[in-house]
Structures are given as structure tokens and as C-alpha cells.
Protein chains: 2
Amino acid sequence: MSSVNEQAPATRMKAEDRRELVLAAATAVFGERGYFGATTDAVAKAAGVSQPYVVRMFGTKEALFLAVLTRALDRLLGAFRVALAGDGPAHPDGSAAPHRGLGAAYAELLADRGLLLSLMHGFILGSDTEIGACARAGFLQVYRFLREDAGFSADEVHEFLAEGMLLNTLVGIRMAVDYDTDPAARELLDTALPTKAEFLLALEGQRKPQA
Amino acid sequence: MSSVNEQAPATRMKAEDRRELVLAAATAVFGERGYFGATTDAVAKAAGVSQPYVVRMFGTKEALFLAVLTRALDRLLGAFRVALAGDGPAHPDGSAAPHRGLGAAYAELLADRGLLLSLMHGFILGSDTEIGACARAGFLQVYRFLREDAGFSADEVHEFLAEGMLLNTLVGIRMAVDYDTDPAARELLDTALPTKAEFLLALEGQRKPQA
DNA sequence: TTCTCAAGTAATCAGTCGATTACCACTGGA
DNA sequence: TCCAGTGGTAATCGACTGATTACTTGAGAA
């Protein structure tokens, strides 16, 4: 219908660019259906290439998923780092309070549904040997960043992560589809996304175009 | 090699009991691998019956998963209700503060890994038409309970749910396996489970029997 | 005792999916 | 210009899985 989707022999492209394109497509697909629910063929179609090419590019479906997780974590930490960097000058009183900046950065990451949802799917598959190890390492990497680089206290990290997991869940459950019809859903979303509710609703394509 | 697992023609049983047994097994399997990752055969083996019987009992795999979600929500709300009921008398000052009681009830539910993890898997599959609808309805049911029956404010529900989602994630990711080796994991778990860390570690079977 | 229905299985099928193989076509340097 | 390597596909295979069918067995009411 729209965005990423071709059909013909797929215009030639440098492998690195194609890889990034496939990773982006895979992130979307894994985010929607999880590791087991996603198929390499769905990823291939979303990326506009053939299924065997996707598999050969990463070796196995599992390796592809791990690549998606790694890329998502890189993006997450990257966004956090720029938020942290741009936070200092804008803070005249000198004392540390990067919560706002990092929170906003996180909220913006929600724009790519697949990114945080793929991570979330990975988190929940902790029983899987390889995926679990990757997920734990990534989660702890984020923890350490918040604790050490961002200067959060243990309680602050804890609160920040809890907030993040709730947001991920609300996006995953597509709570926004009930925003207009269920008062509880509306209140919950308004509370969880103080000023961002409209923004989130829009990018979920759940709202009529509205005036 | 322990708990639920038989082999021979499965001793005869009343359908209702068998159904509960299968639901318990399915909860464990879905909790570990998610909806798509779990197989009806794995559920059957865990319940000690044949695979066709599992399917015929619920019609489809999806119906089985929905039954698991419904049962999990019933248990969750049931545990909340008893916690809320037993909370009144123990509170001499009269003012409302059921947070402790409900939090403890939730922590105890973590003992059944599958219960909250199956829910979590359902939550994240919000894009699926049927599962998503069931998950949203259940989530909102919990929200309303906390808001109306437990008397939480919108902010309190929000905080309580965030905490819950983080706990679910920590259980799903099996963070406890890194408790002994990674200081960050230890700090995170100690912060998230103030007094319950040891308890959680034990029931994940991740700790050596310890003195 | 007998008869019937509920509890349960074995066998098997059709669709799906990840992976493999063999092949094709462009592009850029010698 | 040629040719080698890279970017890509078509065809297909084997394993897995959810579902279906047809059959078996035990318990309890008449």
C-alpha cells in the first residue's frame, strides 16, 4: 500500500544499505508478531527482496533477530546519549535532572513501533538460551548507562525503567484503539503520556484524520 | 522431570479437572515461548495427554490461548480481591493504603512464572485481532479494578501498573540468572523486589540450593 | 449384565516455514 | 572488452505443526 514494499528484481544496491533496509523491515515485522510469529518471508516482502536473500544475509532467522535486537539497543542508547548531551546547556541551575530529556527521547523512539516492541519481545523470551542472553546483556547495558552515565540513583533507574516497560506494553497492546471509546483507556493514556497522547494516537494510525 | 508429566494412557479424569490441568500446563508453555512459539504438542506433553485431545478440547490453539489469558486474569483479579478484603481489618488508622497488600499479592503471583508471562505475551500481541481485543479488555479490567474497587488515583494506578510491567519483564528476561555475577543485575533486582529478591531467585531455580 | 456415552488415543494429512541449491545479471577494474 | 565478484532470484526440500478422522476403552445408569 505505502511505505517499504517493492516487487520487481529489486534495484541493485550496496550490501550495507540493503542490510540496513532489511533490518528496518525485520524490526517492524518482529515488533508486530514477535520472534516465533514473524516469518523470514514476511520480512523479505516488507524489505522488497526475496526470502532466500534475507536468510543468506544473516545465516539464520535467529541471527537476524539478534541483529535486530542489537541495532535497536544501539539506537536506544544513541538517542539517550544525544538527549543527555543536549541536556546540559539547557539546564541553567546546574543541578542534574536529565529525566525530562531522556523521557522525551524515549517517547520519540515510540514513533518506530517496531524498535521498542522487538526489544520487548526479546526481553520476554529470556528462557531462550541465545535470545535470553542477548536480551539480558542489552537490558543491563541500558541500566548501567542510566546509572553511571546519566547519573540516576538506583531508585531513579528503577522508576524510569518501570515507566518504560509500561509504555512499551501500552504500545504493544495498542491501547490507543480504545482511546475514543473507553474512558479508562483514555485516562490511562493521558496519565502515561502527559502531553504526548495525541502524538501517539496519530502515529498508530488509529485516529480518524481529525480536523 | 518433576511436576506435571505423565505418559501412559492418562488415567481417566472428569473433563473439568482435565481441562484445568491442561490450562495450567498451557499457561506454563505459553509463558515460556509465547503464543506462536508454543506448540499444542508441547502443551499436551506437559499435561500428560495426547495432542489431538488438547486441540479438540478448545477447538483451536488460539481459543486455548484465549482461555489461558482469561484464566490468568481471573486469578490475578481474584488474588487482588482477597488481598483487598484482608487489608481492611489490618489497617487501624482507617485511611486507605492498599498498595502494600496488592503489591504483595502481585509478587506472590510471580511464583507461577507462566501466569503473568502468558498475560505479558498477550499484551504485546495487540496487533492480532482476537488476542489484542482480549488483552486490551483484560488490561482495562485490571485498570478499572484498581481505580474503582481499590480506590487508587489515576497516578497511583499508573505507578502500580508500571511497577508490574517491570516485574513481569524482569521475570521474563530471567534477570535472576545474572544476580550472582553482575552487580547491576543484583542492584536492579534488589531495588525492584525490596525484600523478595531471594524468594524470586529461589523459585527460578537459578540459585544453588545455598545454606 | 448390558448398553451408552464420555474420555482419550493413534494415525495421518495438508499447509507453512526456514533453509539449501543452483542459477542469473549487473558493475567495475585490469 | 572481458571477466570476476557481488547482488540477487527461482525452485524446491524436509521438518514441523495444527487440525481431522476414525478408532478404543472405561464407568455408570437401566
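Scope of the values below: all heavy atoms of this structure, side chains included, with no hydrogens, waters or symmetry mates. All chains are named by letter (A, B, ...) in the order of the sequence lines, taking the proteins before the strands, and each is independently numbered beginning at 1. Since we're looking at a predicted model, the values are computed, not measured.
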Check your understanding: Reckon Ser50(B) touches a base, only the sugar-phosphate, or nothing at all at heavy-atom distances under 4.0 Å?
Key ->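 The residue Ser50(B) makes base contact.
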Exercise for review: Looking at every strand, decide which applies to Ala38(A) at a 4.0 Å heavy-atom threshold: base, sugar-phosphate, or nothing.
Suggested key: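 If one applies the 4.0 Å heavy-atom cut-off, Ala38(A) turns out to touch the sugar-phosphate alone, with no base involved.
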Practice item. Can you measure from NE2 (His121(A)) to CD (Glu32(A)) and round to the nearest 0.5 angstrom? Key: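 Atom-to-atom, His121(A):NE2 and Glu32(A):CD are 8.5 Å apart.
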Check your understanding: Between Lys14(A) and Arg33(B), which is nearer to the 5' end of DNA chain D once each is assigned its nearest nucleotide?
Key ->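 First, find each residue's nearest nucleotide; the 5'-ward one identifies Lys14(A).
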Review point. Hey, are the side chains of Arg174(B) and Arg113(B) touching, using non-hydrogen atoms and a 4.5 Å cut-off?
Key: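 Heavy-atom side-chain distance check passes, below 4.5 Å.
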Check your understanding: If we only count heavy atoms from C-beta on, is the Arg144(A) to Val157(A) side-chain gap below 4.5 Å?
Key ->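 Arg144(A) vs Val157(A): side chains apart.
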Nucleotide [N], atom [atom2] - distance to [atom1] of [X] in whole Å:
X        : N       : atom1 : atom2 : result
Leu21(B) : dA7(C)  : CG    : P     : 14 Å
Glu62(A) : dA19(C) : CD    : C1'   : 14 Å
Asp41(A) : dG18(C) : CG    : P     : 8 Å
Phe36(A) : dG18(D) : CZ    : P     : 12 Å
Glu16(A) : dG8(D)  : CD    : P     : 13 Å
Phe58(A) : dG7(D)  : CZ    : C1'   : 14 Å
Gln51(A) : dT21(C) : CD    : C1'   : 13 Å

Exercise for review: Give me the ring orientation class for Phe145(A) and Phe80(A): parallel if the planes are under 30° apart, tilted from 30 to 60°, perpendicular past 60°.
Suggested key: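 Parallel, since the angle between the ring planes stays under 30°.
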Point to revise | Ring geometry between Tyr35(A) and Phe30(A) (parallel below 30°, tilted from 30 to 60°, perpendicular above 60°) | key: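 Phe30(A) vs Tyr35(A) ring planes: parallel.
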Is the shortest side-chain N/O distance from [X] to OP1 or OP2 of [N] below 4.0 Å?
X        : N       : answer
Tyr53(A) : dG8(D)  : yes
Thr40(B) : dG18(D) : yes
Arg12(A) : dT27(C) : no

Among [options], which nucleotide sits nearest the side chain of [X]?
X        : options                   : value
Met13(A) : dG8(D), dG18(D), dT21(D)  : dG8(D)
Arg56(A) : dT27(C), dA22(C), dG18(D) : dA22(C)
Arg18(A) : dG18(D), dT20(C), dG8(D)  : dG8(D)

